[in-house]
Enquirer: 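Sharing a structure, written as structure tokens. Questions coming.
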Amino acid sequence: MSQFNVSNIFKAVVIGGSAGSFQGITKILANLPENFELPLILCLHRLKHVRNGFVEALSLKSVKPVTEPIDKESIRKGKVYLAPANYHMSLELGHSFSLSTEEMINNSRPAIDITLETAAYVFKEKLIGILLSGANRDGAMGMKKIKDRGGITIVQDPSDCMIDTMPRAAMELTKVDYVLNTQKIIDFLIELNKQYK
Amino acid sequence: MFDSQKVYSGSGNSPGHGSDKIQEVEIADLRKITQAVKNCYGYDFTEYAMSSFKRRIQRILELYKLPTVDHLIKKIETEKAFFEEFLPEITVNVTEMFRDPSFWREVRDHIIPNILLNHETFSIWHAGCSSGEEVFSMAILLKEMGILDKVNIIASDIDKPILSKAEKGEYIIKNMELNEKNYIRFQGTSTLKNYYEEKNGKAVMDQSLIKKVSFRNYDLVRGGVFNKFDLILCRNVMIYFNQNLQNSVLKKLHESLFKYGYLAIGSKESLIWCEIANKFIVVNNEEKIYKKIKE
């Protein structure tokens, strides 16, 4: 009997993270099933002026290579995408990425809210949103949008977070489906992936 | 507009993403809006990228406290003055000087020296210059190379008020901090402070930098080819268009380049999906600089 209520209806997983999330996301990427079926879309707060290095750092231990999409690139199964520095990353109907240099939101560009909200709009109930450690409230509204559109929401357990402001903000704003530590998030993704075999 | 000052309070309920008070904007609404704008003013936003266009509309609804899209449409149709405020809100005018310093180093160290091999004077087009930060960056670069007077520059934007802002060259002093950081990473020969004066909390750029720049109100979507250039900068402009529109704008840019002229786009844009990609070669993939090799 599975500990999570998952099925194979899902089309994408989107993850937001900020201060203190690097360790968690690295662990998740390192323990991802090699045949992970869904696109994994990451929006992590990062230095605006440092274009290079982050993708490489994340790819180092990752099971799959991490890439930054180019504007209008199609979203493909089984790929891992990271929002590039100093751009907001949106999803478009028709399953492609759009980048933008609009105003910062929550002091951030990329802003997690933008990626999460547009992903919720595109994938509706077929989306899983995960919010990790962070020191501001970015991502909370995005998680609410995912929940409102019928998707699954997961936050990193505040006690497992280096800084718990971000998951807590999401928990205040919406009813999240799962509060999990990093290992449990990995278990969730493994369990999820089994649904596709 | 582009200045971050007026934009967000720290409440987390930023315009354009969030507040539940305002209805969710649907695709049908966006179509109605673009149709109204097209009918009344001729501007064509029908092929703008949906996600950001929708965000801009949502932002305007919140800024002007309009409860529904129909209110917005009525305002567009009946108030010309409102439309003039609407336009710069729809187009994104967030920019910085020397954005991607490594790009500017490449322009200074390779692209322009290459152009100079064959031409004593040459021409540059900033397509979508917004509030002018990029134009001033280029002028400073050229001045430091000692060739500012040898270059003809045209800077264009869809929006007149933004264009006059660019011409004025006055920026919020707070923004100069980031610009200065970028300039240092660009490794200019001076300090950015030498190119502006502080007046009433604004950074007023040295007007001699842009005395040869001609500013032009031009819409990339509707405008025709008006000149030929050796270098076109169109960075982070086409990201607001869908692929179809990107293709047609790119054809225009291609036609506006001399053979062997250069095209620079944003660091996360690409020509690879464009129909006429084969008429360019990649000069620098990291900085997204291309060279036209075929008419």
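Residue numbering restarts at 1 for every chain, and letters A, B, ... go by the order of the sequence lines.
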Enquirer: How many angstroms lie between NZ in B:Lys288 and CG in A:Asp71, if you round to the nearest 0.5 Å?
Expert: 11.0 Å

Enquirer: In terms of heavy-atom proximity below 4.5 Å to chain B, should A:Ser100 be classed as side chain, backbone, both, or neither?
Expert: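 Contact with chain B is through both the backbone and side chain of A:Ser100.
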
Enquirer: Rounded to the nearest 0.5 Å, what's the gap from CG on B:Asn182 to NE2 on A:His49? Could you check?
Expert: 8.5 Å

Enquirer: Could you tell me which portion of A:Asn86 (side chain, backbone, both or neither) has an atom closer than 4.5 angstrom to a non-hydrogen atom of chain B?
Expert: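 Contact with chain B: backbone and side chain both.
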
Enquirer: Counting only N and O atoms by type, is there a donor-acceptor contact under 3.5 Å from the side chain of A:Glu92 to the main-chain atoms of B:Ser51?
Expert: yes

Enquirer: Side chain, backbone, both or neither: which part of A:Leu173 has a heavy atom under 4.5 Å from chain B?
Expert: neither

Enquirer: Looking only at heavy atoms, what is the nearest atom pair of B:Val94 and A:Arg109, with distance?
Expert: CG1-NH1, 3.6 Å

Enquirer: Using non-hydrogen atoms only, which part of B:Glu286 is less than 4.5 Å away from chain A: side chain, backbone, both, or neither?
Expert: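 B:Glu286 touches chain A through backbone and side-chain heavy atoms alike.
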
Enquirer: In terms of heavy-atom proximity below 4.5 Å to chain A, should B:Ile27 be classed as side chain, backbone, both, or neither?
Expert: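 Looking at B:Ile27, backbone and side chain both touch chain A.
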
Enquirer: Is the charged tip of A:Lys72 near the ring of B:Phe241: under 6.0 Å from the six-membered ring centre and within 45° of its axis?
Expert: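 No cation-pi geometry.
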
Enquirer: Using the six-membered ring of A:Tyr121, assess whether NZ or CZ of B:Arg55 lies under 6.0 Å from its centre and within 45 degrees of the ring axis.
Expert: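 Because its charged atom misses either the 6.0 Å distance or the 45° angle limit, B:Arg55 does not stack over A:Tyr121.
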
Enquirer: Counting heavy atoms not belonging to A:Gln23, are there more than 12 under 6.0 Å from its CD?
Expert: no

Enquirer: Shortest non-hydrogen contact from B:Ser102 to A:Arg51?
Expert: OG-NH2, 3.5 Å

Enquirer: Under the criterion side chain to side chain contact (heavy atoms under 4.5 Å, CB included), I'd like the reasoning laid out for A:Ser90 against B:Met50: C-alpha separation, chi angles, the key distance, then a yes or no.
Expert: CA-CA 10 Å; A:Ser90 302; B:Met50 225 273 297; over 6 Å; no

Enquirer: Can you confirm whether more than 12 heavy atoms, excluding those of A:Lys48, are under 6.0 Å from its NZ atom?
Expert: yes

Enquirer: Inspect the surroundings of NZ in B:Lys181 and state if more than 12 heavy atoms from other residues, nucleotides or ligands are less than 6.0 Å away.
Expert: no

Enquirer: With a 6.0 Å cut-off (strictly less than), is the heavy-atom count around CG of B:Asn278, excluding the residue itself, greater than 12?
Expert: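 Yes, the 6.0 Å shell around CG holds more than 12 heavy atoms from other groups.
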
Enquirer: Flag yes if more than 12 heavy atoms outside A:Lys124 fall under 6.0 Å of its NZ atom; otherwise flag no.
Expert: yes

Enquirer: Step by step, work out the side chain to side chain contact (heavy atoms under 4.5 Å, CB included) result for A:Thr118 and B:Lys54.
Expert: CA-CA 10 Å; A:Thr118 54; B:Lys54 180 178 156 187; over 6 Å; no

Enquirer: Can a salt bridge be assigned to the pair A:Arg149 and B:Glu24 using a cut-off of 4.0 Å between side-chain N and carboxylate O?
Expert: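 Yes.
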
Enquirer: Quick one: do A:Glu102 and B:Arg59 make a salt bridge, cutoff under 4.0 Å?
Expert: no

Enquirer: Closest approach of B:Ile239 and A:Tyr87, non-hydrogen atoms and distance?
Expert: CD1-CE2, 4.1 Å

Enquirer: In terms of heavy-atom proximity below 4.5 Å to chain B, should A:Thr101 be classed as side chain, backbone, both, or neither?
Expert: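 Both parts, backbone and side chain.
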
Enquirer: Does NZ belonging to B:Lys202 count more than 12 external heavy atoms closer than 6.0 Å?
Expert: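 Open: at most 12 neighbouring heavy atoms sit under 6.0 Å from NZ of B:Lys202.
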
Enquirer: Around atom NZ of B:Lys252, are there more than 12 heavy atoms from other residues, nucleotides or ligands closer than 6.0 Å?
Expert: yes

Enquirer: Tell me, yes or no, whether the heavy-atom count around A:Lys79 atom NZ, taken from other residues, nucleotides or ligands under 6.0 Å, exceeds 12.
Expert: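 Count not over threshold, so no.
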
